[in-house]
**Q** 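Right, I'll just put the structure down here and ask away after.
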Amino acid sequence: MNRIDLSFQNLKKRGEAAFIPFLVLGDPATNHTLEIVKAIEPYFDLLEVGIPFSDPLADGPTIQEGYQRAFASGMNSDKAFELMAQIRQITSKPLIILTYFNVILNRHGNPATGIQDFFNDMDKAGVDGVIIADLPVEEATDVWKYAQTLGKYIIFLVAPTTTPQRLAKIHQYAQGYLYVISRLGVTGAQAQLSDLTIETIKRVQAKEKIPLAVGFGISAPDHVRAIVKAGADGVIVGSAIVDLIKTHQANPSEMVRHVEDYAKKMKEATRRE
Amino acid sequence: MAKSYYGKYPDERGKYGKYGGRYAPEILMPALEELDAAFAKFYPQQRFKTELKQLLKDFAGRPTPLYFAGNLSKRWGCNIYLKREDLLHGGAHKLNNTLGQGLLAKYMGKTKLVTETGAGQHGYGTAIAGAQLGLEVKVFMGDEDIKRQHYNVYRIQLSGAQLVPVHSGSRTLKDAINEGMRYWISHVEDTHYLMGSVVGPHPYPMIVREFQRIIGKEIKQQIVEQAGRLPNGIVACIGGGSNAMGAMYDFIEDDVALYGAEAAGEGGDTGKHSLPLTRGRLGVLHGAATYLLQDDFGNIKESHSVSAGLDYPGVGPEHALLKDLGRLQVGEITDQEALDACVELSRVEGIIPALESSHALAYGKRIAQNYHPEDILVINVSGNGGKDLDILQKRLRFDL
Ligand SMILES: Cc1ncc(COP(=O)(O)O)c(C=O)c1O
């Protein structure tokens, strides 16, 4: 059984939603990523990690800068898989990659074998799934085929703009969980939840039994509680953490401590009263 | 020749063979579907056609002349005809597309246009369309391009559009597209993204091709009127590829050679170039699969060219297909060759071409060596060099 399914089953039994933090691999350096993962391991339920791409058009400034710091530290897909294998030594929880399609297609610089190689590398590193920001369901059939043979999941995104027809198409391929985009926009933390968020959760939820994890702009325990109350099964928190890393990068031990405190607080908010 | 080419591309998934497609974030997918449906609905309508035709004729100045360049023909050893897109309102071929898409946006009930620009010609073209059609315009432009094309920056602002500088990445066209798309993701409901070339997710490469085909349709009619037959070859520069696709598409099934000039920058072997078709590899950028300049990890490399409009690491998906089919021949033209061609045309014919178009002229000069005096080459002069005077002055000084 894929670790992702197991994780959501266990959470359901415990009456909790999933806390899913997102880290850019190698931001600001590989050893820092490892230290942060160790520190927050008790608090996350699943972990999303980003392999940086040069042209991340679904990302706002915060994550773009995280990618830039990672590139500056020498990150690339080879090093990313080494780092994920090390993360797998630290945790037995589900590990999911977030990246852009060209990083996969051109794994080892060869589009003829890239997709297959990427999934083999995922398998070797113990990664359970992948979110591909610029791969809609229509273009995903090749990738999906390779994922199936290795028992890996493609995590699809659903947006407030997604039509009922598209939602039905996405459901045919969705496994693990659906990544519900909370608002119209690119990634980035915000102070308040958009009204669209709750509306979108309800709309997507009515349809299907697959777990829903909500992301984009979630930064505070209040947001988490509102989203869980609306019926979501998890929250994805990216930019708020990448912001903490940026703010405290000059002092690594402070940085790790801040991210740890934050993760603890956010996890607590996922427990249903 | 590629017989039975028409009608096949793009296929129902927006593909040109293995190229093209729709690799876009989910948020944009419904908007792309809506655009596809709107184009299918309005473009064939008589009312839309008449309105666009009128705008292109009375406002933009179509048809543009096909000019027999007698002086160049003598020097180069065959008959050279120049398609004068430099004489179109706005100074380049861009208005064919911006008026078309602007009108389409209006029919769709959108009130705002957002776009990217490299040389500033497309940004200016969009600003013109916005002013003419009563749509609000926002133009994203890289810092680097703002510096080297500042006349167009001013033209854009003077026409009432908002210009947004882009500081990320190489601070050129590629990054302006990223930033424009990000903006569109957040404002997709009332805003049309007005793509500037035959690039991006389906249906953009098809829509831009259809609006630019007017260039080739006119060439076909004009050359038959003037010379009594089709040309032996057509030459155009390729940035994203819209002027080339526009000039060439209606000749794909004819016995006419098609030549595209890519920008070799400082030289094909220096790594400082914009040669995705000849030196790139299959990849996905800005919503489409195509040839791209990239490293071994799938990260996009910065391109280089003296000409901002050709300074892009990707290329239209249909050019990728036509190259693979052997239908399109691609030449590498360096900065220096383009500058020389710019000077030559200015002096010999009294036409100062854009640096983008100068690449087509330099390639035309190279190819002309393979043709006989009675042969005919048509070169598309995609734009006017007024925007490039700063760059020219830095490279080429005259004594007072
Ligand atoms: C005059 C001119 N020609 C050519 C181009 C390149 O674009 P495309 O290849 O889409 O025609 C530009 C782009 O800005 C331009 O301004």
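In what follows, every chain begins at residue 1, and chains take the letters A, B, ... in the order their sequences are listed. Because only heavy atoms are used, hydrogens play no part in the values below, and waters and symmetry mates are left out as well, while side chains stay in.
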**Q** Please find the pair of heavy atoms, one from A:Ser54 and one from B:Lys174, that lie closest to each other, and give the distance.
**A**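 Result for this residue pair: O-NZ, 4.4 Å.
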**Q** Where along residues 109-120 of chain B does a heavy atom come under 4.5 Å of chain A, listed by residue number?
**A**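 At a heavy-atom separation under 4.5 Å, chain A is reached by no residue of residues 109-120 of chain B.
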**Q** If you count heavy-atom pairs under 4.5 Å with chain A, which of B:Lys15, B:Met181, B:Glu33 comes out on top?
**A**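 The answer is B:Glu33.
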**Q** Please check this pair: side chain of A:Asp134 against backbone of B:Pro25, looking for a donor-acceptor N/O pair closer than 3.5 Å.
**A**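 No, because the side chain of A:Asp134 does not come within donor-acceptor range (under 3.5 Å) of the backbone of B:Pro25.
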**Q** How many angstroms lie between atom CG of A:Leu184 and atom CD of B:Glu189, to the nearest 0.5 angstrom?
**A**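 A:Leu184 atom CG to B:Glu189 atom CD measures 5.0 Å (nearest 0.5 Å).
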**Q** Only pairs of heavy atoms separated by less than 4.5 Å count here; which of A:Asp59, A:Leu135, A:Val103, A:Asn76 has the most with chain B?
**A**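 Winner by heavy-atom pair count: A:Asn76.
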**Q** Please give me the minimum heavy-atom distance between B:Ile27 and A:Arg183, naming the atom from each residue.
**A**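 Closest heavy-atom pair between B:Ile27 and A:Arg183: CD1-O, 3.8 Å.
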**Q** Counting only heavy atoms closer than 4.5 Å, note whether B:Arg281 contacts chain A via side chain, backbone, both or neither.
**A**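 The side chain, not the backbone.
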**Q** Identify, with sequence neighbours excluded, every residue that meets side-chain hydrogen bond (donor to acceptor under 3.5 Å, both in side chains) alongside B:Asp11.
**A**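 In terms of side-chain hydrogen bond (donor to acceptor under 3.5 Å, both in side chains), with neighbours along the sequence ignored, B:Asp11 is linked to no residue.
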**Q** Return yes when atom CD of B:Glu136 has more than 12 non-hydrogen atoms of other residues, nucleotides or ligands closer than 6.0 Å, and no otherwise.
**A**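 No, CD of B:Glu136 has 12 or fewer neighbouring heavy atoms, counting only those of other groups under 6.0 Å.
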**Q** How far does OG of B:Ser170 sit from CG of A:Asp55, to the nearest 0.5 angstrom?
**A**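 It comes to 8.0 Å.
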**Q** Test of understanding: with side-chain hydrogen bond (donor to acceptor under 3.5 Å, both in side chains), list the residues that count as partners of B:Lys138, not counting sequence neighbours.
**A**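 In terms of side-chain hydrogen bond (donor to acceptor under 3.5 Å, both in side chains), with neighbours along the sequence ignored, B:Lys138 is linked to B:Gln162.
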**Q** Nearest 0.5 Å please: distance from the CG atom of A:Leu57 over to the CG atom of B:Asn178.
**A**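 Going from the CG atom of A:Leu57 to the CG atom of B:Asn178 covers 5.5 Å.
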**Q** What do you reckon, is OH of A:Tyr173 surrounded by more than 12 foreign heavy atoms closer than 6.0 Å?
**A**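 No - once you tally the heavy atoms of other residues, nucleotides and ligands closer than 6.0 Å, there are 12 at most.
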**Q** Given that the side chain runs from C-beta out, which part of A:Gln64 has a heavy atom under 4.5 Å from chain B: side chain, backbone, both or neither?
**A**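 Side chain only.
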**Q** If you draw a 6.0 Å radius around CG in A:Asp195, do more than 12 non-hydrogen atoms from other residues or ligands fall strictly inside?
**A**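 It does not: A:Asp195 CG has 12 such atoms or fewer within range.
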**Q** Nearest 0.5 Å, what's the CG-CZ distance between B:Leu285 and A:Phe53?
**A**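 Atom-to-atom, B:Leu285:CG and A:Phe53:CZ are 6.0 Å apart.
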**Q** Need one label for A:Phe71: side chain, backbone, both or neither, based on atoms under 4.5 Å from any heavy atom in chain B.
**A**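 For A:Phe71, the side chain is the part near chain B, not the backbone.
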**Q** Heavy-atom cut-off 4.5 Å, strictly under: side chain, backbone, both or neither for B:Ile177 against chain A?
**A**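 It is neither, since no heavy atom gets under 4.5 Å.
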**Q** Verify, without hydrogens or angle tests, whether A:Glu139 (side chain) and B:Arg22 (backbone) share a donor-acceptor contact under 3.5 angstrom.
**A**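 Checked: pair present.
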**Q** With a 4.5 angstrom heavy-atom cut-off, which part of A:Val137 approaches chain B: side chain, backbone, both or neither?
**A**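 Contact with chain B: none, neither part.
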**Q** Out of B:Val188, B:Ile300, B:Asp295, which one racks up the most heavy-atom pairs below 4.5 Å with chain A?
**A**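 Sorted descending by pairs with chain A, the first entry is B:Ile300.
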**Q** Can you tell me if B:Lys272 has over 12 outside heavy atoms packed within less than 6.0 Å of its NZ?
**A**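 At most 12 heavy atoms, drawn from other residues, nucleotides or ligands, come within 6.0 Å of this atom.
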**Q** Nearest 0.5 Å, please: how far is CG in A:Asn110 from CG in B:Asp296?
**A**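 Here the interatomic distance stands at 10.0 Å.
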**Q** Using 0.5 Å steps for rounding, measure from the CG atom of B:Leu32 to the CD atom of A:Glu138.
**A**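 Those atoms lie 10.0 Å apart.
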**Q** Which residues pass the side-chain hydrogen bond (donor to acceptor under 3.5 Å, both in side chains) test with B:Tyr312, sequence neighbours left out?
**A**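 Residues passing side-chain hydrogen bond (donor to acceptor under 3.5 Å, both in side chains) with B:Tyr312: B:His286.
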**Q** If you count heavy-atom pairs under 4.5 Å between each of A:Asp78, A:Ile51, A:Ile132, A:Thr163 and chain B, which one has the most?
**A**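 Ranked by heavy-atom pairs under 4.5 Å with chain B, first place is A:Asp78.
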**Q** For A:Pro56, which atoms come within 4.5 Å of any heavy atom of chain B: side chain, backbone, both, or neither?
**A**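 Interface part for A:Pro56: both.
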**Q** Is there a side-chain contact between B:Gln294 and A:Asn106 (heavy atoms, below 4.5 Å)?
**A**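 The answer is yes; the side chains approach within 4.5 Å.
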**Q** Return the minimal non-hydrogen interatomic distance between A:Ala58 and B:Ile185, and the atom names on each side.
**A**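 Looking at all heavy atoms of both residues, the closest pair is CA-CD1, 4.2 Å.
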